[in-house]
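The structure under discussion appears below in the form of structure tokens.
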Amino acid sequence: MEEIDFAGIEKKWQDRWAAEGVFEAKTPGAGSREPGAGKGPYYVLEMFAYPSGEGLHMGHAFNFVIGDVIARFKMMQGFNVLHPVGYDSLGLPAENAAIKVGTHPADYTNTNIPNFMKQQKGLGLSYDWSRMVSTASPDYYKWDQWIFLKMLEKGLAYQKVSAVNWCSKCNTVLANEQAQSGSCDLCGTKVEMKQLKQWFFRITDYADELYSNLDNMNWPEKTKAMQRNWIGKSHGTEIDFLIENQSGVSGFRGFGVSDELGGKGEGENGSRIHADSRGLGIGNVVIVHGCPGDEEKSLNPETRTYDKHWIPWIRKNLKESEIAVEVPMMPVPWKARYDDWKKEFDKKVDVNENSVLIGHSCGCSFLVRWLREAKKKVKKLILVAPWKIAESGGAEKGFYDYEIDKDIGKRVGNIVIFSSDDEEEDGKKSAVIFRDALGCKIVELKEHGHFTQGDMGTEEFPELLDEIIEPRTLADSRGQGKVWKIFTTRPDTIFGVTFMVVSAQHSRLDELVIEEQRGKVEKFLSRINSVSEKDVSNLEKEGVFSGSYAVNPATGERVPVWIGNFVVADYGAGMVMAVPAHDARDFEFAKKYGISIKEVVADEENGTQINTDKHRLDEAFTGVGKLINSGEFDGLDSVEAKEKISDWLIEKGVGRRVVNFKLRDWGISRQRYWGTPIPVVHCSECGVVPVAEKDLPVRLPKEVKFGEGNPLESAEDWLNVKCPKCGGEARRESDTMDTFVNSSWYMMRFCDAHNDKEIFDKAKVKYWCPVDFYVGGAEHACMHLIYSRFYVKFLRDLGLIDFDEPAVRLFHQGMINDEKGEKMSKSKGNVVEPLETMAKYGVDTTRYFLLSMAAPDKGFNWSDKEIAGSQRFVRKVYEFFASNEVKDMGDGFEDSAEVLSRVNLAIRDVGEGIEKMELRAVTIKLKELFNFLGKQDRVSKESREKALKLLVPFCPHVCEELFEVLRGNRKQVIGNRDFVSLASWSKVDESKIGVRRKELGVSLNEGVIERIKKVVSDNTEAVYVYAMPFEVSKIDGSKISEEVGKKVTVFSVSNSEKIDPENVAKRAKPGKPAIYVCK
RNA sequence: GAGGGAAUGCCGGAGCGGUCAAACGGGAUAGACUCAAGAUCUAUUGGCUUUCGCCUACGGGGGUUCGAAUCCUCCUUCCCUCACCA
């Protein structure tokens, strides 16, 4: 038999596709033709590949081929298809190669990319190569930096010191996702904890939208479930617990540890209770004073008293609550203008998202203007007796003549204005101006005038203090101590709280530990700290008593506060109320340490006896039941009680309904070289200063030292720069960005891949995006796919794009393993090389095989044996066309009804199958079709062409070749652009389908007659026929009666009035009614 | 513990209320071709039966229906993801 030169065919068509630019996508617009057949754009994208040194593996090939089938199918359907390709080329392996082998990451990357390209081109993928991007190129990462600056501007990028997962081998910070199971994702080294100042993206700002949008997305349920789980939204109640300990004056000294747990507190002390700064999440309080009032005094820095009237009082009180207060001395407003104040302010004060800003008089005016320009996020803004009437104070005019930015409210958690009923007219007007512009409330106090010295009551200013720290008035349990908030989803069990547990990693742990317990606690902590945070899952619950007690706001009971290893420090408040009777973890803990257990929800099914005996229960009852031991709430259903008790706590001022997320901010800092440099500089004078947009990109320096910490720290020339703000000595940020940054927005860059003026042309992105069909591995469900969703929302809020999600449809391909079902890996030596397979069996065979082995979302075990089947099929198709070529006499030959039916059925099924991503089923349909056609003596040219087109997305090379055969008898091609890849998809002729079904209908009556004749006899009284409901109308009872010579009655099988003593009706089948003969 | 998915003939795997003893592939058996092997082709591949047909079958139990591999319910087993998130 003649050998088919598949390699030659592949090369021929790949070259032609490239030469003709067959797959280059055109964005419509001025000058360019309207592409496609008017069906509009369709964007197919396979996930960004990292060009590793190992080259393409089968998983990649599977991923790409799936995307290619969709892209090619959509092209043939007449869509204007964008099917781009690029490389996520920044990343660790390149740097590891530098350390290991001494290759520069750039060289490593530059050798790998062409290798990838060669393999991808070899697969015959329909990529638009003209749009190729590589993230390691400054042309690309410039825009990563640009986005970073925008994040910074909007307060979404910030720095904080945080404990990070540190891999000592990679010398880098790992995201929690990359440090699962306690060891480094990349090298397997055990992860350590380290405190570092890190850059973060405030993804949590979008937590709610990221969560709730999932409901409307056409993404796999599994992925959405994983994201929901990851974001972890939970509704609950935040409840204040008053903590009493030795440092208070309540007299709880020297109590025993375990014997008196849960005893009633007798302490009662009426002094004011405030939560402290960290409990409230207050970073610092910044007070900007107003004008000192006396010209002479205030002009002299020595004598002027900027810090007076109520300011000392508030300062003292805040300090007592351990809140940092800053009261910068500002230049005299008589002389100075806004800019002078700003300079002074920026120099002296560190404002962050947890700051509370307080202004007085013209200080208010300054702060509002400052917020407008700095675009900072802060926790709270309090304006005391604000002033903004330009006419009234000529010298101060510089402060007042500006527009108030109405968006300040979006960046500031809360804004409050204090005014007084006896304030001057202009002052009252000013308050209203601010209120109307900022949309906040005015708190009007009595007889405070302008809140300056000399007016009554302004030296003590408790309203302000309350506003800053929002004290919880503990209705039933005032006492000395501090308020700690806890988060619970089970407020209905609050009467069953018998202890509290605070995380061993909590930053305020110290405050809870009394002297007597210190030794034990320290011993406990040293044991805990030796265990990596991520190893916690299988740990036995352990704890130690802190010595403090908490007052249950519902009952007034004092319960011990324990320190536990099972409480997560940075979720909720880092402390939990423990209800051992109704929570398995609390139960385990209580049992272990002999803490009392109090039941408050009755398990009605299993009959709880009301019994608070310490160790009666065998396990916690976490189900729904009726409340007991819960005071006025007894008898309520626990679901209902959740609401009722929450309301009650809120009313008492000790609770709030809150929503908590598991999602944490995205730490993007990496102490690594091969990533996007973070475009800021650190100036000793000005602090963190962003690099100007015009100076982007900040390029990676080529000459660095690898192997010892962050390579960028070795590039002194690069590090040392002038401060963009003051021109002084400054140093570049040496952290680079997480590479997930690069892949978070690349789908948009593809729409305008080589734009050097802006990140992309809005119109182009609007035309193509979002991605219509996104294909990639399920392993990205939680990282890439959440980050990318976040980026899209951010870019949308910047006004650059107008859609909410990166991809309309998402598809995860399955995993390909070796024959034994084991993961393929270099170290195991079981890798099947796509290039080898392609060379051995042909590209089309390889493609077809990949798709026919399993449903694309399932994956399979590679088997060389079974690829033979695919090869046989491709060869069969080839030979079918080759041999039919001879038979094509051009004599107007017409196909049989059956052939037409089969062909049209296939057109319909293949199209629908691709649309539904049932690609494996489609490969089977194609096999059936060509097996059938191969058995026919002759098939018309038209039908052959229709059938061939169905195969194009799967086996494009052979199809192009055969199309050429069909069209021009192999000799000439009709026109340059006569590619079957661009041919239009065959249309279904529904009328030709289903001949067999019709034939079935015709024979129905005959069949019944024949069968009755066989069984009927002289003594037959009557015959009953039971047919399928949809067939009853096709059966002609009278005709049959006539033919058979007996009375024949036809029933529907579902007719309840049928006469069927032997219940034979159940044997009826479509096309074959059941028959009962009555004797 | 939470969530997602799956269980079909020798194997992989279709199937989405009736044309289901169950697609397609692999394997196996027989036959054709060949000196022979390979490749290729053809047929068979749950049981009983010459055919019509009947019986037993889609993890297990129960149910809905005239009718269930397909729908509901409980159970068992397996895989995946997250996991002390209060």
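Since we're looking at a predicted model, the values are computed, not measured. To find a chain, count down the sequence lines: A is the first, B the second, and so on, and within it residues start at 1.
Electrostatic pairing of A/Glu928 and A/Lys925 does not count as a salt bridge here, judged by no charged N lying under 4.0 Å from a carboxylate O. By the 4.0 Å N-to-carboxylate-O rule, A/Arg228 lies close enough to A/Asp215 to be salt-bridged with it. The pair A/Asp583-A/Arg490 does not count as a salt bridge, with every side-chain nitrogen at least 4.0 angstrom from each carboxylate oxygen.
Taking only side-chain nitrogens and oxygens, A/Ser1052 never comes nearer than 4.0 Å to OP1 or OP2 of B/C66. Contact check, A/Arg872 against B/U40: a side-chain N or O comes under 4.0 Å of OP1 or OP2.
Look at the P atom in both B/C20 and B/C54: the space between them is 16 Å, to the nearest Å. Distance noted for atom C1' between B/U73 and B/U64: 10 Å (whole Å). Using atom P as the reference point in both B/G67 and B/U76, the two lie 29 Å apart (nearest Å). If you take atom P in B/A23 and the same atom in B/G9, they sit 13 Å apart, rounded to whole Å. The separation of B/A83 from B/G15, taken at their P atoms, amounts to 33 Å, rounded to a whole angstrom. Comparing the P positions of B/U8 and B/A69 gives a spacing of 15 Å, expressed to the nearest Å. The P atoms of B/C24 and B/G46 are separated by 13 Å, rounded to the nearest whole Å. When the C1' atom is compared between B/C52 and B/G38, the two are found 43 Å apart, to the nearest whole Å.
Nucleic acid contact class of A/Gly869 (heavy atoms, under 4.0 Å, all strands): sugar-phosphate only.
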Next on the checklist: Does the protein touch nucleotides 4-11 of chain B at the base, only the backbone, or not at all? Give it as B, S and - per nucleotide, heavy atoms under 4.0 Å.
Outcome noted: S-------
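For the pair A/Lys541 and A/Phe566, the cation-pi criterion (under 6.0 Å, within 45° of the ring axis) is fulfilled.
Remark: A/Thr622 OG1 to A/Asp586 CG distance equals 11.5 Å, nearest 0.5 Å. Interatomic distance, CG of A/Asp492 versus OG1 of A/Thr488, reported as 7.5 Å (0.5 Å rounding).
Side-chain N or O atoms of A/Lys662 include none that pairs as donor or acceptor with a backbone N or O of A/Tyr571 at under 3.5 Å.
For A/Glu918, taking side-chain heavy atoms from C-beta onward, the closest of the listed nucleotides B/G26, B/G15, B/C24 is B/G15. Taking the side chain of A/Asn931 as heavy atoms from C-beta on, and the options B/A86, B/A23, B/G25, the nearest nucleotide is B/G25. Taking only side-chain atoms of A/Val576, from C-beta outward, the nucleotide of B/A86, B/C24, B/C82 with the closest atom is B/A86. Closest to the side chain of A/Ser234, from the set B/G25, B/A86, B/G12, is B/A86.
Nucleotide B/A2 is matched to B/U81 when pairs are restricted to Watson-Crick or G-U wobble geometry with both distances under 3.5 angstrom.
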